[in-house]
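Just so it is clear: chains get the letters A, B, ... in the order the sequence lines come, proteins before strands, and each one is counted from 1. What you see below is based on every heavy atom in this structure, not just the backbone, and it leaves out hydrogens, waters and symmetry mates.
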Amino acid sequence: EPEVTQTPSHQVTQMGQEVILRCVPISNHLYFYWYRQILGQKVEFLVSFYNNEISEKSEIFDDQFSVERPDGSNFTLKIRSTKLEDSAMYFCASGPPAGGGNEQFFGPGTRLTVL
Amino acid sequence: QKEVEQNSGPLSVPEGAIASLNCTYSDRVSQSFFWYRQYSGKSPELIMSIYSNGDKEDGRFTAQLNKASQYVSLLIRDSQPSDSATYLCAVSRRGSTLGRLYFGRGTQLTVWP
């Protein structure tokens with residue numbers, strides 16, 4: 001069964017550095033999402049992406065963040081000038097399945113640790 | 001403003017019992033409802049989706065939706081220790097695709113043998 005994949009599984013960076021988190025959505029999905037989950041807190045929406053452009057973004061997704069689909073398979077989240085409070089699990093999701101409803105399927109996540 | 005609320009638990013049930021998980025949402029225009037299971041340190045795993053009022057059954061899981069009461073629930077029959085996880089309720093405002101998901105904080109379920 002196809003799955004969303006994410007790399008790396010764990011990223012450690014110094015405050016102020018830039019990181020790029022990578023995702024490969026399920027191949028026949030057209031909508032892509034990034035969410036994050038700070039330890040012990042709820043899953044929060046960051047951004048959705050469709051047809052090579054952002055369709056919706058949350059108040060969290062400010063100028064520090066950007067997304068890109070550099071080729072036909074990858075979907076990336078770039079975080080510039082990382083802060084301590086950016087430490088979280090970052091989940092990529094894609095959907096919906098062909099002929100399906102509005103389901104979103106999550107990748108395994110990237111744990112970002114900012115020191 | 002809290003979009004989605006869940007009883008935080010923890011909920012503890014014996015193996016073989018029925019576990020009942022509840023969720024309320026504040027936005028009346030919400031149209032799509034999901035239950036995800038999240039094991040500790042892992043990502044959310046979709047287990048049920050429901051879009052219309054009433055019940056939807058899938059194996060040991062039954063989702064119930066009442067839009068008038070803005071309430072959605074998940075019943076797990078014949079609970080197993082492997083069901084021990086945090087269950088996340090998620091809501092989308094859109095009936096169409098693209099809609100962002102609003103998550104509750106989750107209910108931690110423990111099934112003891």
task: List the atom of B:S43, the atom of A:P108, and the distance in Å for their closest heavy-atom pair.
output: OG-CA, 3.7 Å
field: Contact class of A:Q37 relative to chain B, heavy atoms under 4.5 angstrom
entry: side chain
task: Check the surroundings of atom CD in A:E3: do more than 12 heavy atoms from other residues, nucleotides or ligands lie under 6.0 Å from it?
output: no
- line: Okay, A:F32 and chain B: the region with an atom under 4.5 Å from a heavy atom over there is neither
field: Cluster link B:W112 to B:Y87, ILVMFWY, side chain under 4.5 Å
entry: no
task: May I ask you to decide if A:N102's main-chain N or O and B:Y51's side chain share a donor-acceptor pair within less than 3.5 Å?
output: yes
- request: Would you indicate whether the side-chain heavy atoms of A:V43 and B:P44 approach each other to under 4.5 Å?
  value: yes
field: Atom of B:G41, atom of A:R111 and distance for their closest heavy-atom approach
entry: CA-NH2, 4.4 Å
- line: dist B:C89:SG -> A:K42:NZ (nearest 0.5 Å) comes out at 11.0 Å
field: Cluster overlap A:V19 with A:L115, hydrophobic side-chain contacts below 4.5 Å
entry: no
task: Sort B:Q38 into side chain, backbone, both or neither according to what part of it lies under 4.5 angstrom from a heavy atom of chain A.
output: side chain
message: Any non-hydrogen side-chain atom of B:R100 less than 4.5 Å from a side-chain atom of A:S58?
response: yes
query: Would you say the side-chain atoms of A:Q104 pair up with the backbone N or O of B:G99, donor to acceptor, closer than 3.5 Å?
result: yes
field: Non-neighbouring partners of A:D71 that pass side chain to side chain donor-acceptor pair (under 3.5 Å), sequence neighbours left out
entry: A:S73, A:N74
task: Measure the spacing between CD of A:E103 and CG of B:L101 and express it to the nearest 0.5 Å.
output: 10.5 Å
query: Under 4.5 Å between side-chain heavy atoms, hopping through other hydrophobics if needed: is there a path connecting B:L11 to B:Y71?
result: no
query: Less than 6.0 Å separating the ring centroids of A:F106 and B:Y36?
result: yes
More than 12 heavy atoms from other groups under 6.0 Å of CG on A:L39: no
- request: Using the rule that two of Ile, Leu, Val, Met, Phe, Trp, Tyr join whenever any of their side-chain heavy atoms come within less than 4.5 Å, decide whether B:F33 and B:L75 are in one cluster.
  value: no
query: Do A:V4 and A:Y50 sit in the same hydrophobic cluster, where Ile, Leu, Val, Met, Phe, Trp and Tyr count as joined when their side-chain heavy atoms come under 4.5 Å apart?
result: yes
message: Taking side chain as everything from C-beta outward and backbone as N, CA, C, O, which of these in B:L46 sits under 4.5 Å from a heavy atom of chain A? Side chain, backbone, both or neither.
response: side chain
message: If you apply the rule side-chain contact (heavy atoms from CB on, under 4.5 Å), what do you find for A:F45 with B:F103, and how did you get there?
response: CA-CA 9 Å; A:F45 169 80; B:F103 281 86; over 6 Å; no
Heavy-atom neighbours of A:K57 NZ exceed 12 at 6.0 Å: no
